[in-house]
Structure formats: C-alpha cells, structure tokens
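These notes concern the structure reproduced below.
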Amino acid sequence: MGEREPAIRVTLLPRDTNPHGTIFGGVILAYIDQAGAVVAHQHGAARVVTVAMDKVVFHAPVYVGDLVSFYGELVRIGRTSITVKVTVEAAPLGAPGEGRRVTEAVITYVNVDRYGVPTPIPRVTGDSPPPETRETS
C-alpha cells in the first residue's frame, strides 16, 4: 500500500489543552473542518461552507506536542455539495511509528459563490487541475 499524504499536519501546543491536560475536542474539530475543505478544493470546489459534521467519534486523547495528521477521503460529490471523511492520527513528536487513530468525522460542504449562493461544483478530471476561481456573476 502506498504512503498516504495528510491534507494537513499540525503539532498541538499547551494553549490547546483542556483542564484534563489533553487537547480540546473543539480544537480537533476545527482542524478536521479545515482538512476536509482542503480535500473539497482538490476535487473542484472553489469556496465551501460547512453544512454538517456528523459521525464524529473520539477514540483516544491527543496530547501536547503530538504530531497530528488529518487524512481526507472523498465520500460523495453532488451538484453543489461535497462530502469528505477525515481520519485523524496522532503520534508523539519524533516517534511517527507510534501513531494512533484518535478521531474521525464525516463533513458535508456546499460550494457557494461570493454571495453565498450554492453553485455547481465543476468536475475535475485526472488530466486537468481545478480552475483557480469558479465564481459566477
């Protein structure tokens, strides 16, 4: 199996902790949302807004200093919406072989124009990169 490439990767800091000494779930959710949007853009969406985040399951805590990787995978593309599954793995910094799955979520976005009106997602083929802008007047 080939090497997976994360949509984003971050190291979490003391400012991100809750009173229990682990990372706030809300911090992880914000990064999940960003990672999912990266994947949506890779599949042709230009400007997305989050409509739903469901099936969020926290399996294990994340600790200060962990290197956290957010992997996205396309679930579905509709006319104006796109759904992405994000899986989150954490490993102590300097010990990537000790990674563990910590959470996952399914996010649905809607592609919108600059006025917030839903707009169709252009289909991206393997031969053509997504256009830089897709706003309509």
Side-chain angles (χ1 to χ4, degrees):
M1 184 164 114
E3 181 78 17
R4 294 184 304 160
E5 188 67 31
I8 60 174
R9 184 173 274 163
V10 297
T11 299
L12 296 167
L13 304 173
R15 70 171 180 248
D16 302 318
T17 58
N18 61 33
H20 306 290
T22 57
I23 303 301
F24 276 114
V27 170
I28 301 295
L29 291 175
Y31 283 117
I32 287 171
D33 198 18
Q34 290 176 39
V38 167
V39 174
H41 293 301
Q42 291 170 339
H43 288 281
R47 178 182 296 200
V48 294
V49 294
T50 305
V51 173
M53 183 180 291
D54 61 32
K55 299 182 185 168
V56 179
V57 179
F58 290 94
H59 302 289
V62 176
Y63 301 100
V64 171
D66 279 353
L67 180 60
V68 185
S69 300
F70 297 79
Y71 298 94
E73 119 185 38
L74 178 67
V75 173
R76 178 182 100 54
I77 296 180
R79 192 173 80 75
T80 62
S81 67
I82 186 165
T83 303
V84 176
K85 179 179 180 181
V86 176
T87 303
V88 183
E89 296 177 5
L93 199 55
E98 296 179 30
R100 66 204 181 277
R101 179 185 282 188
V102 295
T103 193
E104 56 195 37
V106 176
I107 307 100
T108 300
Y109 303 92
V110 170
N111 193 52
V112 297
D113 65 16
R114 66 179 154 206
Y115 305 106
V117 176
T119 187
I121 299 170
R123 296 302 184 231
V124 176
T125 64
D127 298 332
S128 62
E132 291 302 313
T133 60
R134 292 171 210 73
E135 295 182 343
T136 58
S137 339

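- Between E5 and S69 there is no side-chain heavy-atom pair separated by less than 4.5 Å.
- Residues M53 and D33 form a side-chain contact, since some pair of their non-hydrogen atoms from C-beta on lies under 4.5 Å apart.
- What you find for T17 and F24 is that their closest heavy atoms are O-CE1, 2.8 Å.
- Residues A40 and Y109 share a closest heavy-atom pair of CB-CD1, 4.4 Å.
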### Query
Does the pair R123 and I77 meet the rule for a side-chain contact (heavy atoms from CB on, under 4.5 Å), with working shown?
CA-CA 9 Å; R123 296 302 184 231; I77 296 180; 2.7 Å; yes

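- Rounded to the nearest 0.5 angstrom, E104 CD and K55 NZ are separated by 10.5 Å.
- Remark: the S81 side chain and the R76 side chain contain an N/O donor-acceptor pair separated by less than 3.5 Å.
- Taking all atoms of both residues into account, the shortest heavy-atom contact from A60 to R101 is CB-O, 4.0 Å.
- Note that CD1 of I23 is 6.5 Å distant from CD1 of I28, once rounded to the nearest 0.5 Å.
- Proximity of Y31 to V10: side-chain heavy atoms (C-beta onward) are separated by under 4.5 Å at one or more points.
- In the hydrophobic clustering of this structure, I8 groups with V102; members are Ile, Leu, Val, Met, Phe, Trp, Tyr whose side-chain heavy atoms approach within less than 4.5 Å, directly or through other members.
- With R47 contributing its side chain and V112 its backbone, the two residues share no donor-acceptor pair below 3.5 Å.
- Under the 4.5 Å side-chain contact rule for hydrophobic residues, Y71 and I82 do not share a cluster.
- Each of Y63 and F58 belongs to its own hydrophobic cluster when Ile, Leu, Val, Met, Phe, Trp and Tyr are linked at side-chain heavy-atom distances under 4.5 angstrom.
- Here the straight-line distance linking atom OG1 of T87 with atom CD of E73 works out to 6.5 Å at 0.5 Å rounding.
- Closest approach of G65 to T11, counting heavy atoms only: O-CG2, 3.7 Å.
- In this structure the side chain of V62 never reaches within 4.5 angstrom of the side chain of T103, judged on heavy atoms.
- Of all heavy-atom pairs spanning A7 and V39, the tightest one is CB-CG2, 4.1 Å.
- V106 and L74 fall into different hydrophobic clusters, where Ile, Leu, Val, Met, Phe, Trp and Tyr are joined by side-chain heavy atoms under 4.5 Å apart, directly or via other members.
- Both V64 and V68 are assigned to one and the same hydrophobic cluster, defined by single-linkage of ILVMFWY side chains at heavy-atom distances under 4.5 Å.
- Annotation: side chain of I107 is in contact with side chain of I32 (closest heavy-atom distance under 4.5 Å).
- At distances below 3.5 Å, not a single donor-acceptor pair connects side-chain atoms of D66 with backbone N or O atoms of L12.
- For A46 against N111, the heavy-atom pair with the smallest separation is N-OD1, 2.8 Å.
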